[in-house]
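Below is one structure, written out as structure tokens, with a few remarks after it.
Reminder, nothing fancy here: chain letters follow the sequence lines and each chain counts from 1.
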Amino acid sequence: MSEIKITLPDGSVREYPSGITAHQVAQSISEGLARNIIAAKVNGQVVETSRPITTDANLTLLKWEDKEGKNTFWHSSAHLLAEALEALYPGVKFGIGPAIDNGFYYDIDFGDHKFTGDDFAKLEAKMLELAKKESAYIRKEVSKAEAIQYFTEKGDQYKIELLQDLNDGEITFYEQGNFTDLCRGPHLPNTGFIKAVKILNLAGAYWRGDEKNKQLTRIYGITFPKKSELDAHMLMLEEAKKRDHRILGKDLEIFAFDDDVGPGLPLWLPKGAAIIELLEGFAKKTEKEAGYQRVKSPHIAKESMYIKSGHLPYYKESMFPPMELDGINYYLKAMNCPHHHKIFAATPKSYRDLPVRYAEYGTCYRYEQTGELFGLMRVRSLQMNDAHIYCTKAQFEAEFKAVNELYLKYFKVFGIDKYVMRFSKHDPKKLGQKYINAPELWLETETMVREVLVNSGIPFIEVEDEAAFYGPKIDIQIWSAIGREFTLATNQVDFAQADRFDLYFINEKSEKERPLILHRAPLSTHERFIGFLLEHYAGKFPLWLNPDQVSILPISEKYQEYSEKVLNVLKKSDIRALIDDRSEKTGKKIRDAELKRVPLMLILGEKEQTDNTVTVRKQGGEDLGSMTIEAFVEYVNAEIEKQLN
RNA sequence: GCCGUUGUAGCUCAGGGGUAGAGCACUUCCUUGGUAAGGAAGAGGUCAAGGGUUCAAAUCCCUUCAAUGGCUCCA
């Protein structure tokens, strides 16, 4: 038998007989390793550990700790779930069952049976029982005809539908215990690796993601190679829930919803409004420095404008229904763009005026479907950190780059580091439907955007078919505490609306020329941004942004007067402070200030009153000792300065 | 909009065919206490709304509304 060379990740090369498996390679290193490997990556392709290797190869042995290892583990768990379901409820039909970031799911057609949360325990027990059998996952190559025959006999129309898109030679089955599934693999060596199982939740999901199709029952679960890891994961989920902006927003009295106001229409309580004002002040200052001019526009406009802008045909479904007045339909504005274009058109523009940058914290209304509403992250009324930049093609790169730099500046101030920059492009097949039919402009602007991104060294991913209808865009994707993905901010190119609104400037040659338009909203909407910040900071807003910066805690009523004196000094210095004058002990007052996430506490008693000082305790317990009131004001101002620069 | 779950005091929740419970918060009183919960008393609810079954409904059934986990969607 011929020898092959196996290169391990550390660069070492070992020789083995051809046909050796990853499992055997692991065994040759150590038995312990062999017991723990879940799958193997051979020349970049993940396969099961029992697959023979017949050529020279780079080999990575995948363990639970590896992302691909987890993926294989959870994918195999989905098969185990299916096996258990088939044992418990014979005749159920299966859709797809992939691994996801945290666990796996399987889409199931239960027929007439109703599967509910009460059945979770039974299902978990069955899965563990089957796991203990240590059934091997066996790979079988089958022909398309054989595969169709198998599922026809089984009566599983979903698998047959999936098979239609596959070709002979690429169809494999995996079998473990009494369950066989159509699957590309790879899988665990056997079910015994799965030691802990948790069925997480139940949801409806349309077959193939199409709402015209039948809705299947999706069962989410997660599994682990150790019980302790499951416990740790469940604890982590509990902690994440405590960070949920909906919980924190209520606890910290930031915002509220009310049945009489309506779903998706948040009410901002005084503390929430204070944060809004602070964010706006910061944005306005930054935008002023960057050469933006502020504009204002009304909340409603005539139908004709939205027809002209092209929004109405595309977005009618997500706009509030029109109000009719004197035979004319008016719509609540769902976007600021057309208003700004009208402002641009209101006065003549020369190339000398460009770039023109209009900024407005515009309030928009969008009729999001009820099921899409989610705390502050998806709402029906929103205040957007909007601006539109009108520039020449020659100015485009510099403007686009400046906007990107603005994003990065903001992200630094807020300490946002877990995000993905997503460059969304059009799909040429959908020109004229989802996208403005201007193929050359699409390619041209997409190239420009890519160049800016590449030149500025910002990491990004490119996705097809996610652009706005009027041009390519860059979205900043973030994740909520419970793992839901959102677009936080957006930066869009628009080469369509200048034409629609007949926007122009007079160029050097005294000719009319169309400007390029950039839409940008780095601070998102107040709603989504504050929702995000609540989770990002776990409620602990930094000093500059916290609605209550200082809590003054008199040790007893005797120091009330001195406390008020301190409060007045702070107020005069624009420091937001309040006195906790309840008849409670200091320990209690500190606890409550901590729970309200107040960054600084001033403890005032006999000593402070006599010396005309304050004793400062930072949120979390750090003791800054005693200082004069003036020194404290200086300290606060210095801290804020640091946070904003 | 679709599938599942839930709706009891300001909050977190228990209870459950026979006229409503706890803890925290709130109010008052006592206490004047130095770095994460001092004590006592009091006040608080058409049990989401509407309809039905029943001698009797917060409890069972139906409808609606809202929230929630997903799906679809997301300018």
- Message: From CH2 of W207(A) over to P of rU72(B), roughly how many Å is that when rounded to an integer?
- Response: 13 Å

- Item | Distance-only donor-acceptor test, S583(A) side-chain atoms vs rU31(B) base atoms, 3.5 Å | yes

- Item | R378(A) (side chain) and rC74(B) (base): donor-acceptor pair under 3.5 Å | yes

- State whether the distance check finds a donor on one side and an acceptor on the other, under 3.5 Å, for side chain E608(A) versus base rG34(B). yes

- Return the nucleotide paired to rC26(B): Watson-Crick means purine N1 to pyrimidine N3 with N6-O4 or O6-N4, wobble means G-U with N1-O2 and O6-N3, both under 3.5 Å. rG42(B)

- Item | Donor-acceptor pair between T223(A) and K198(A) side chains, under 3.5 angstrom | no

- Message: Using a 3.5 Å distance criterion without hydrogens, assess whether the side chain of R366(A) forms a donor-acceptor pair with backbone atoms of A334(A).
- Response: yes

- Query: Hey, does R617(A) reach any base, or is it just sugar-phosphate, or nothing, if we go heavy atoms under 4.0 Å?
  - Reply: base

- Query: Within a reach of under 6.0 Å around CD of E561(A), are more than 12 heavy atoms found that belong to other residues, nucleotides or ligands?
  - Reply: no

- Message: Below the 4.0 Å mark, does rU68(B) have OP1 or OP2 next to a side-chain nitrogen or oxygen of R246(A)?
- Response: yes

- Query: Which part of the nucleic acid, if any, lies within contact of T487(A), taking any heavy atom under 4.0 Å across all strands shown: a base, the sugar-phosphate backbone alone, or nothing?
  - Reply: nothing

- Message: Under 4.0 Å, heavy atoms only, any strand: does E485(A) hit a base, just the sugar-phosphate, or nothing?
- Response: nothing

- Stacked pair Y315(A)-rA75(B), distance under 5.5 Å, angle under 30°: yes

- In the strands shown, is rC2(B) matched to any nucleotide by a Watson-Crick or G-U wobble pair with both distances under 3.5 Å, and which? rG70(B)

- Task: Classify the nucleic acid contact of E606(A) as base, sugar-phosphate or nothing, counting any heavy atom under 4.0 Å across all strands shown.
- Result: base

- Note on the structure: When both distances are under 3.5 Å in a Watson-Crick or G-U wobble arrangement, the nucleotide paired with rG7(B) is rC65(B)

- Message: Any base atoms under 4.0 Å from K473(A), or only sugar-phosphate, or nothing? Heavy atoms, all strands.
- Response: sugar-phosphate

- Query: Is there a Watson-Crick or G-U wobble partner for rA36(B) with both distances under 3.5 Å, and which nucleotide is it?
  - Reply: none

- Just checking, R380(A) and Y365(A): is the charged tip under 6.0 Å from the six-membered ring centre and within 45° of the axis? no

- G371(A) near the nucleic acid: base, sugar-phosphate alone, or nothing, with a heavy-atom cut-off under 4.0 Å? base

- Query: On a plain distance test, is the side chain of R208(A) in donor-acceptor contact with the base of rC71(B) below 3.5 Å?
  - Reply: no

- Touch class at under 4.0 angstrom, heavy-atom based, for Y470(A) against every strand present: sugar-phosphate

- Query: Would a line drawn from the ring center of F94(A) to the ring center of Y158(A) be shorter than 6.0 Å?
  - Reply: no

- Task: Remember a base hit wins even if backbone is also touched, and classify T217(A) as base, sugar-phosphate or nothing at under 4.0 Å, heavy atoms.
- Result: nothing

- Query: Between rC2(B), rA75(B), rU32(B), which nucleotide gets closest to the side-chain atoms of Q215(A)?
  - Reply: rC2(B)

- Query: Would rG52(B) be called syn or anti, given that syn covers angles within 90° of 0?
  - Reply: anti

- Hey, does the side-chain of Q369(A) have a donor or acceptor N/O within less than 3.5 Å of a partner on the base of rC73(B)? no

- Looking across every strand, which nucleic acid part, if any, lies under 4.0 Å from G587(A) by heavy atom: base, sugar-phosphate, or nothing? sugar-phosphate

- Among rG38(B), rC71(B), rU12(B), which nucleotide sits nearest the side chain of Y220(A)? rC71(B)

- Would you mind pulling out the nucleotide paired to rA20(B), Watson-Crick or G-U wobble, both distances under 3.5 Å? none

- Sugar-phosphate only, base, or nothing, as touched by E584(A) at under 4.0 Å among non-hydrogen atoms: base

- How is T615(A) classified with respect to the nucleic acid when contacts are heavy atoms under 4.0 Å: base, sugar-phosphate, or nothing? base

